[in-house]
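Here's the structure we're looking at; comments come further down.
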Amino acid sequence: MPKVTSDSASIRRVAVIGSGLAGLVSAILLKEQGHQVAVFEKSRGPGGRLSSKRVGDTGSVDIGAQYFTIRDPAFHAFLQTWAGNDTFSEWPGRFGFQHPQGGWQPFPDEARYVGTPRMTAVSRALSKHVDLAAQVRIARLIREDGHWQLLCAEDRDQGRFDQVIITAPPAHAQQILDDSGLAPMVDKVSDSAGLMLPCWAVAARLDDAVPLAYEGFRPDSDTLYWVANNASKPGREQGGGWWVLHATPEWTNHHLETDPDLIAERLIGAFRDITGYAGDVSEQIAHRWLYARSTDGGCPGYLWDGSEGLGLAGDWLAGGRVEGAWESAANLVAAMKED
Ligand SMILES: Cc1cc2nc3c(=O)[nH]c(=O)nc-3n(C[C@H](O)[C@H](O)[C@H](O)COP(=O)(O)OP(=O)(O)OC[C@H]3O[C@@H](n4cnc5c(N)ncnc54)[C@H](O)[C@@H]3O)c2cc1C
């Protein structure tokens, strides 16, 4: 385990709201500086949109983020140090897109990484380094005597902290700030947030081979935005022939309340039309993401109010991807240290 040092003049109590990548990175880096950090997560476990669903007896399928880039060597070093080399690996697939004028073209070459043997392997490993309270939805912050008191949705006191970092997606962050009467920060969030786009995700177990030479591709389709052969990712070879189909944001918006079984049928139908797959589908599941990817907003990287001890980090502040979530959190913690 990496050595935790206390090079900070004063130890602070910091609350981190959300345990997606941005929350876990913030918590780990603050702990590394010697601060006392508590992480609160509304869901059952950590990871946020780095998400995998269990299928069959032992398998799992990635229904959120499909892969991530590691363009910044510091991100690589962070993952190696805190998650470990065995929790992520390059996905050596072939990636392409369908040209509007017909035919298929490969995407430009770039290393794409995935968690192994599932996307959540990274967040699970990172979460081992932090104190995480799961199934606690933080609803309000109260400022009192220079401290923050956190209250959960059931209005129970979750403790007093010197500083708070919110890493929830912008709609949730805004709700917390609104309900806490923090209007100036709400304005900053609305200025910085791009549009969060929804996404219906379907995982389908295909019994036969797909007649297309790509493991991940973007079709030219009003219905399907992205398709991936989950079984082609490292560590998933034994889990069955699972594929993941993501709907376009526009199509998802028109079908937000549609029955999940019907969603699965429609996306699988679009997949058959595009790929020519005529084989059987033996299992299928659908999952609705209300907030999947963000369009570029103001992109300030992070938000930090040193006088109030209140910060925000997340992908939506730094380009809307997994690596952006890391970058946003790392830069926020660096700014807090300088303060
Ligand atoms: C379908 C889909 C496909 C994607 N594909 C890719 C891709 O291929 N490549 C890529 O780089 N990125 C992709 N992304 C985006 C990527 O998943 C995100 O950029 C990244 O995971 C965001 O991390 P985060 O920590 O900023 O936010 P999140 O992962 O959303 O974490 C926020 C956490 O806050 C918690 N939370 C919210 N409100 C509260 C509250 N009040 N109290 C306590 N906890 C709270 C949430 O439960 C969540 O765990 C995709 C996302 C989706 C959904």
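Read the numbers this way: they start at 1 and go in the same order the structure lists the ligands and their atoms.
Counting atoms of ligand 1 from 1 in the listed order, those under 4.0 Å from a heavy atom of Ile176 are 41 (N). Distances below 4.0 Å separate heavy atoms of Gly18 from the following atoms of ligand 1: 33 (C), 34 (O), 35 (C), 44 (N). Residue-ligand proximity, Val136 to ligand 1, at heavy-atom distances under 4.0 Å covers atoms 42 (N), 43 (C). Close contacts of ligand 1 with Ser43, meaning ligand atoms under 4.0 Å from a residue heavy atom, involve 47 (O). The Pro169 neighbourhood of ligand 1 comprises atoms 30 (O), 32 (C), with distances under 4.0 Å to a heavy atom of that residue. Under a 4.0 Å criterion applied to the non-hydrogen atoms of His172, ligand 1 contributes the atoms 37 (C), 38 (N). Interface of Gln66 with ligand 1, defined as ligand atoms under 4.0 Å from a residue heavy atom, comprises 5 (N), 6 (C), 7 (C), 8 (O). The ligand atoms of ligand 1 that sit less than 4.0 angstrom from a heavy atom of Gly48 are 29 (O), 48 (C), 49 (O).
With a 4.0 Å heavy-atom cut-off, ligand 1 is reached by the side chain of Trp289 but not by its N, CA, C or O. When non-hydrogen atoms are compared, ligand 1 lies under 4.0 Å from the side chain of Arg293 (C-beta onward) but not from its backbone. Of the heavy atoms in Thr167, only backbone atoms (N, CA, C, O) come closer than 4.0 Å to ligand 1.
Protein heavy atom closest to atom 45 (C) of ligand 1, with residue, atom name and distance, is Lys42 CG, 3.8 Å. Protein heavy atom nearest atom 29 (O) of ligand 1, with residue, atom name and distance: Arg49 N, 2.8 Å. Residue, atom and distance of the protein heavy atom nearest to atom 4 (C) of ligand 1 are Ala65 CA, 3.4 Å. Shortest contact from atom 1 (C) of ligand 1 to any protein heavy atom: His246 CE1, 3.5 Å. Protein heavy atom at the shortest distance from atom 37 (C) of ligand 1 is Ala168 CB, 3.4 Å. For atom 16 (C) of ligand 1, the closest non-hydrogen atom on the protein side is Val322 CG2, 3.8 Å. Here the heavy atom of the protein found nearest to atom 23 (O) of ligand 1 is Ala325 CB, 3.6 Å. Of all protein heavy atoms, the one lying nearest to atom 9 (N) of ligand 1 is Tyr67 O, 2.7 Å.
A donor atom on one side chain and an acceptor atom on the other are not found under 3.5 Å apart for Gln66 and Asp62. Counting only N and O atoms by type, the side chains of Ser60 and Arg118 include a donor and acceptor under 3.5 Å apart. A donor atom on one side chain and an acceptor atom on the other are found under 3.5 Å apart for Glu41 and Ser19.
The two residues Leu317 and Ser328 make their nearest non-hydrogen contact at CB-OG, 4.1 Å. The shortest non-hydrogen separation linking Val322 to Phe75 is CG1-CZ, 4.4 Å. Of all heavy-atom pairs spanning Ala22 and Gly314, the tightest one is CB-CA, 3.8 Å.
Taking any N or O of Leu21, backbone or side chain, at least one lies under 3.5 Å from an N or O belonging to ligand 1. No N or O atom of Glu323 sits closer than 3.5 Å to an N or O atom of ligand 1. Close N/O approach between Phe68 and ligand 1 is not found [any backbone or side-chain N/O within under 3.5 Å]. Close N/O approach between Arg321 and ligand 1 is found [any backbone or side-chain N/O within under 3.5 Å]. Polar contact with ligand 1: present for Asp315 (N/O pair, distance under 3.5 Å).
Between Phe271 and Trp243, the ring planes lie tilted relative to each other; the angle falls in the 30° to 60° range.
At least one donor-acceptor pair closer than 3.5 Å links the side chain of Arg49 to the backbone N or O of Ala292. With hydrogens and angles disregarded, no donor-acceptor distance shorter than 3.5 Å links the side chain of Thr248 to the backbone of Leu224. Under the 3.5 Å distance criterion, the side-chain polar atoms of Gln98 are left unmatched by any main-chain donor or acceptor of Pro219.
Proximity of Thr69 to ligand 1 is not established, as no heavy-atom distance is less than 4.0 Å. In this structure, Ala201 does not count as a contact residue of ligand 1, since none of its heavy atoms falls inside 4.0 Å of the ligand.
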>> The test is salt bridge (Lys or Arg N to Asp or Glu O under 4.0 Å); show your working for Arg140 and Asp155 and say whether it passes.
In response: CA-CA 8 Å; Arg140 277 190 305 137; Asp155 237 20; 3.1 Å; yes
>> Between His255 and Trp200, is the ring-ring contact (aromatic ring centres under 6.0 Å, His included) condition met? List the steps.
In response: CA-CA 9 Å; His255 296 86; Trp200 267 114; 9.0 Å; no
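Among the candidates Phe97, Phe95, Phe217, the single residue satisfying the ring-ring contact (aromatic ring centres under 6.0 Å, His included) test with Trp104 is Phe217. Between Arg71 and the options Glu110, His76, Glu323, a side chain to side chain donor-acceptor pair (under 3.5 Å) holds for only Glu110.
For atom 2 (C) of ligand 1, the nearest non-hydrogen atom from the set Gly64, Cys199, Gly216 comes from Gly64.
Electrostatic pairing of Glu327 and Arg321 does not count as a salt bridge here, judged by no charged N lying under 4.0 Å from a carboxylate O.
Within 6.0 Å of atom CD in Glu338, 12 or fewer heavy atoms from other residues, nucleotides or ligands are found, so the atom counts as exposed in its surroundings.
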